[in-house]
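This report refers to the structure that appears directly beneath it.
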Amino acid sequence: MTTRTEFLSRIRTEVGKTPGLFSARTAPRPSDPRAVSETIKRELAERWPQALERFQLEFERVAGVFHRAASIAVVPQVVAGIARENEVRRLVAWDAPELGADLLDALTARGLEPFAMPPGDLADATERAELRRRVADAELGLTGVDLAIAETGTLVLRSGAGRPRSTSLLPACHIAVFDRTALIETLGQAGVFLELWNRGELEGRIGAVTSFITGPSRTADIELTLTRGVHGPKEVHAIFVDQAIRG
Amino acid sequence: MSETDLSVPFRRRAGSALGDKHLQEALTIATTKFIGLRRDAFDEFPEGERLRDLAREIKEATLQHLHRYVEQLIDSVERLGGHVHYATTPEEARRVVLDIAARTGARMAVKSKSMASEEIHLNEALEAAGVIPIETDLGEYIIQLAHERPSHIIAPAIHKTKGQVADLFAKELKRQVAADPEELTRIARVELRQKFLEADLGITGANFAVADTGTVVLVTNEGNGRMVTSLPRVHVAVMGVEKVVPSMTDLMVFLQILAKSATGQKLSVYTTLVRGPRRPGELEGPDEFHLVLLDNGRIRQIAGPLREALYCLRCGACLNVCPVYRQIGGHAYGYTYPGPIGILLTAMLEGPGSVKDLAHASSLCGACADACPVRIDIPKMLVELRREIHEARIAPWTERLAYGLMEKVLASPSLYRWSKPLARLLQRPFARDGRIRSVPLAFTEWTRTRDLPALAPQTFHEQWPTLK
């Protein structure tokens with residue numbers, strides 16, 4: 001078997017043989033991603049309405065369904081509306097602290113059967129398998145959002161304790177709730193947050209996966225006919241909450 | 001056509017593709033659609049041209065220090081509890097994956113679309129070892145049921161009709177299935193959902209791997225990339241060593257142009273950034289994460305004539321615009337990677353001898369270089385390849401003889417002068433009405449599908465003194 005040393009030394013030897021095709025540099029990285037990310041947010045504090053408008057436009061272009069709620073307290077009503085339209089009731093949700101609010105009682109009161117994800121890992125494989133069955137059975141998945149990118153209508157979700165990957169993946173209908181603190185304008189700006197999340201103090205605290213979600217799952221593999229919901233959700237709803245979710 | 005038979009010469013493979021009416025229609029519709037979608041996406045995106053330049057520069061800068069970035073990638077992956085493996089050959093890569101499967105007792109593997117695993121013929125090896133491989137990209141699933149190979153890098157089953165797909169599904173599921181894309185997709189969702197939940201092993205490629213963070217990046221539209229990296233207990237990613245990018249900032253440059261070039265989307269539906277196995281506190285995700293770094297001819301091209309082909313993002317844009325691909329489709333090329341870039345990648349992986357015919361399957365029109373998001377000069381490398389094939393005496397003797405004579409005649413004014421009366425004499429038995437429609441012996445092939453204009457009684461050069 002090839003070893004690390006052999007493999008790397010072969011690459012090093014070949015690299016040493018040529019100066020390359022032209023003088024070239026990699027993209028300039030933010031030296032202090034935290035400071036840059038704070039500047040991005042500060043600037044958006046003023047022009048977020050335009051960014052939101054663009055987000056809605058792009059999100060709808062990729063077949064997302066956009067909703068707006070005055071406060072987090074109104075969200076259960078919106079969710080119940082979506083459930084009614086789809087004639088479904090089984091819902092799985094991120095753990096309340098990750099979602100930013102505990103909506104279970106309000107959802108139950110509106111006729112849904114909500115189930116919250118545990119705040120961390122479970123004790124054993126049996127429990128985990130039981131939970132997976134429940135998530136696979138659910139018809140709605142309710143999550144928060146770490147970034148909403150206006151330029152592309154993209155929702156960015158980090159996995160982690162209390163915020164499992166499957167909530168936005170297995171149910172046929174994904175509902176994501178966010179406020180203006182998640183809103184950014186461009187993919188380039190998203191890069192600054194990725195630089196920030198993947199280094200230093202945050203590194204150990206977040207989960208292994210960051211998902212960029214741009215509309216419902218789709219395929220055009222059969223005669224180029226566009227079809228939704230091949231593996232992931234068939235519907236993606238984004239609920240924008242005007243009043244900051246975390247008070 | 002199942003497994004492409006390489007003992008059939010390229011000319012005959014291309015010939016049968018040209019005679020396949022259905023394939024011709026499917027190719028025209030698909031490639032024309034992709035061209036339009038790509039054009040619209042870039043028309044709407046004024047920064048696109050600058051970002052293409054930047055992406056090209058990042059690829060070049062990365063290659064100039066590739067050993068450093070690969071080492072950084074390895075360290076980052078290992079720091080997060082992942083394992084890195086090194087494969088010089090396809091055999092080695094297959095052995096690595098089979099060892100992991102055996103050690104973890106895997107019985108079934110779900111795969112998200114990966115050209116690298118196609119390249120190393122992983123499915124056959126898994127099957128032989130008693131592990132059932134399931135392709136989960138809908139297009140790949142279809143061609144797996146049909147026992148074929150992908151005909152397009154991003155739309156593997158464009159050569160199949162919905163009727164053919166329905167027949168395949170009916171045979172697999174042993175029941176009647178309607179030839180309706182919506183219904184077929186729904187069936188695939190149900191069938192494959194079960195496999196995702198049951199499988200032990202998730203196998204993916206990598207569109208990129210970020211050296212700084214040890215992140216493997218998967219771009220899909222269906223969501224199978226997310227399933228495969230979240231549900232099974234082991235995740236194996238197989239990637240060509242050139243897929244490494246230095247930082248997240250670099251990654252974002254590529255993400256801004258990749259989907260636009262491939263399908264005209266601003267971003268594919270899912271871009272999944274995976275950093276190693278499941279973290280403490282995480283409910284889902286694999287217990288083990290393995291990254292297989294694949295050489296297979298790539299490393300020697302860092303300083304070789306095909307270096308620029310190492311920039312390739314596998315978007316498929318060059319296939320859609322290629323006048324040859326548009327006529328013959330992917331299977332006629334005969335190897336894993338079709339189209340203009342495919343010829344170069346085949347030469348990289350299999351050696352220049354493997355493309356002695358394919359190197360000529362290009363009109364050198366340059367449409368591929370124009371469409372390439374990182375502006376790879378494909379025609380230039382094709383010409384280089386032709387020369388290499390000629391000089392290494394891999395080309396057929398007739399071709400070498402013809403080029404050899406041409407070279408001598410064109411390089412010497414006196415030989416050129418004398419060649420003209422000689423050629424007029426030689427062409428006399430074959431020229432009719434100013435055309436040569438067939439020539440004998442080894443040269444018949446050239447005139448089978450085309451005429452040659454006969455040499456004029458007086459060339460322009462000969463007329464010049466009187467015209468002056």
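Labels below follow one simple rule: chain letters A, B, ... track the order of the sequence lines, proteins then strands, and each chain is numbered from 1.
- Between the CG atom in L273(B) and the CZ atom in R158(A) there is a gap of 12.5 Å [rounded to 0.5 Å].
- Of the listed residues (V156(A), L226(A), L170(A)), the one with the most heavy-atom contacts under 4.5 Å to chain B is L170(A).
- Of all the heavy atoms in R165(A) and S230(B), the pair that sits closest is CD-OG, 3.1 Å.
- For the set G223(B), A30(B), G139(B), P181(B), the entry with the most heavy-atom pairs within less than 4.5 Å of chain A is P181(B).
- Counting heavy atoms from C-beta outward, I222(A) and L138(B) have side chains that approach closer than 4.5 Å.
- At a threshold of 4.5 Å between non-hydrogen side-chain atoms, the residues Y69(B) and T26(A) count as touching.
- Per-residue counts of heavy-atom pairs under 4.5 Å with chain A were compared for L293(B), N221(B), I58(B); the largest is that of N221(B).
- R278(B) approaches D121(A) most closely through the heavy-atom pair NH1-OD2, 2.9 Å.
- Interatomic distance, OG1 of T186(A) versus CD of E47(B), reported as 9.0 Å (0.5 Å rounding).
- No other option in A161(A), S217(A), P119(A) has as many heavy-atom pairs under 4.5 Å with chain B as S217(A).
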Subject >> Criterion side chain to side chain donor-acceptor pair (under 3.5 Å) on E282(B) and S159(A), from CA distance to verdict >> reply: CA-CA 8 Å; E282(B) 266 198 287; S159(A) 74; 2.7 Å; yes
Subject >> Check against salt bridge (Lys or Arg N to Asp or Glu O under 4.0 Å), E58(A) and K266(B) >> reply: CA-CA 9 Å; E58(A) 296 296 340; K266(B) 289 202 162 142; 2.9 Å; yes
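- No part of D287(B) comes within reach of chain A, as not one of its non-hydrogen atoms sits under 4.5 angstrom from that chain.
- Between chain B and the residues P33(A), A190(A), A24(A), S9(A), the most heavy-atom pairs under 4.5 angstrom are made by A24(A).
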**OP:** Give the C-alpha distance, both sets of side-chain angles, the deciding distance and a yes or no for side-chain contact (heavy atoms from CB on, under 4.5 Å) between I74(B) and L8(A).
**Re:** CA-CA 10 Å; I74(B) 297 165; L8(A) 284 174; 4.2 Å; yes
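- For K33(B), the part sitting under 4.5 Å from any heavy atom of chain A is the side chain, from C-beta outward, and nothing else.
- Using a 4.5 Å cut-off between heavy atoms, A55(B) makes no contact with chain A at all.
- Of the listed residues T214(A), V209(A), T3(A), the one with more heavy-atom pairs under 4.5 angstrom with chain B than any other is T214(A).
- For T161(B) against E223(A), the heavy-atom pair with the smallest separation is CA-OE2, 3.2 Å.
- Here the CG atom belonging to D212(B) is positioned 8.0 Å from the CG atom belonging to N198(A), to the nearest 0.5 angstrom.
- Annotation: E25(B), atom CD; neighbour count of heavy atoms from other residues, nucleotides and ligands within 6.0 Å does not exceed 12.
- Of all the heavy atoms in F34(B) and L224(A), the pair that sits closest is CZ-CD2, 4.1 Å.
- No side-chain heavy atom of Q64(B) sits less than 4.5 Å from a side-chain heavy atom of V15(A).
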Original post:
Could you walk me through whether S168(A) and R226(B) pass the side chain to side chain donor-acceptor pair (under 3.5 Å) check?
Top reply: CA-CA 10 Å; S168(A) 61; R226(B) 294 188 65 196; 2.7 Å; yes
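- At a threshold of 4.5 Å between non-hydrogen side-chain atoms, the residues R56(B) and F22(A) count as touching.
- Under the 4.5 Å side-chain criterion, counting only non-hydrogen atoms from C-beta, F7(A) is in contact with I299(B).
- When heavy atoms are compared at a cutoff of 4.5 Å, S268(B) approaches chain A solely by way of its backbone atoms N, CA, C and O.
- Ranked by heavy-atom pairs under 4.5 Å with chain B, the first of V236(A), I213(A), V230(A) is V230(A).
- Most heavy-atom pairs under 4.5 Å with chain A, from the set V217(B), V245(B), D295(B): that is D295(B).
- The contact between M252(B) and chain A is made entirely by side chain atoms (from C-beta outward), counting heavy-atom distances below 4.5 Å.
- Applying the side chain to side chain contact (heavy atoms under 4.5 Å, CB included) test to T249(B) and every residue at least two apart in sequence or in another chain returns A27(A), R29(A), P30(A), E195(A), S247(B).
- In terms of modelled atom types and a separation under 3.5 Å, the side chain of E57(B) and the main chain of R25(A) share a donor-acceptor contact.
- For residues 58-73 of chain B, every residue pair satisfying the salt bridge (charged side-chain N to carboxylate O under 4.0 Å, His left out) rule, not counting sequence neighbours, is listed here: R4(A)-E71(B), E60(B)-R307(B).
- Interface with chain B: from residues 148-155 of chain A, residues E151(A), T152(A), T154(A) qualify, criterion being any non-hydrogen pair under 4.5 Å.
- By number of non-hydrogen pairs under 4.5 angstrom with chain A, the leading residue of V216(B), T272(B), T185(B) is T185(B).
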**OP:** Determine, stepwise, if the pair E222(B) / T219(A) fulfils side chain to side chain donor-acceptor pair (under 3.5 Å).
**Re:** CA-CA 6 Å; E222(B) 301 182 355; T219(A) 185; 2.9 Å; yes
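- With rounding to the nearest 0.5 Å, the separation of CE in M1(A) from CD in E92(B) is 5.5 Å.
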Please tabulate, for side-chain N and O atoms in residues 129-137 of chain A, each donor-acceptor pair with protein atoms closer than 3.5 Å (sequence neighbours left out).
{"from": "E130(A)", "atom 1": "OE1", "to": "R133(A)", "atom 2": "NH2", "distance (Å)": "3.2"}
{"from": "R132(A)", "atom 1": "NH2", "to": "L231(B)", "atom 2": "O", "distance (Å)": "2.8"}

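- Of the two parts of V274(B), the backbone and the side chain both hold a non-hydrogen atom closer than 4.5 Å to a non-hydrogen atom of chain A.
- Taking NE2 of H231(A) as the start and OG1 of T136(B) as the end, the distance is 5.0 Å to the nearest 0.5 Å.
- The candidate from M227(B), Q256(B), H85(B), Q301(B) with the greatest count of non-hydrogen atom pairs under 4.5 Å with chain A is M227(B).
- Highest contact tally toward chain B, considering only V192(A), L194(A), L169(A), is held by L169(A) [criterion: heavy-atom pairs under 4.5 Å].
- For E53(A), the CD atom sits in a loose shell: 12 or fewer heavy atoms of surrounding residues, nucleotides or ligands are nearer than 6.0 Å.
- Side-chain contact between I11(A) and V241(B) is present, with heavy atoms from C-beta onward closer than 4.5 Å.
- Heavy-atom distances place the side chain of E44(B), and not its backbone, under 4.5 Å from chain A.
- Chain A forms more heavy-atom pairs under 4.5 Å with one residue of I142(B), L197(B), V165(B) than with any other, namely L197(B).
- Atom NZ of K162(B) is surrounded by 12 or fewer heavy atoms from other residues, nucleotides or ligands within 6.0 Å.
- At a cut-off of 3.5 Å, with distance as the only test, a side-chain donor of E284(B) or S166(A) sits close to an acceptor on the other residue.
- Between R10(A) and T88(B), the side chains place a donor N or O and an acceptor N or O closer than 3.5 Å (distance only, hydrogens not considered).
- L283(B) approaches R128(A) most closely through the heavy-atom pair O-CD, 3.4 Å.
- The heavy-atom pair separating R218(A) from V269(B) by the smallest distance is CG-CG2, 3.4 Å.
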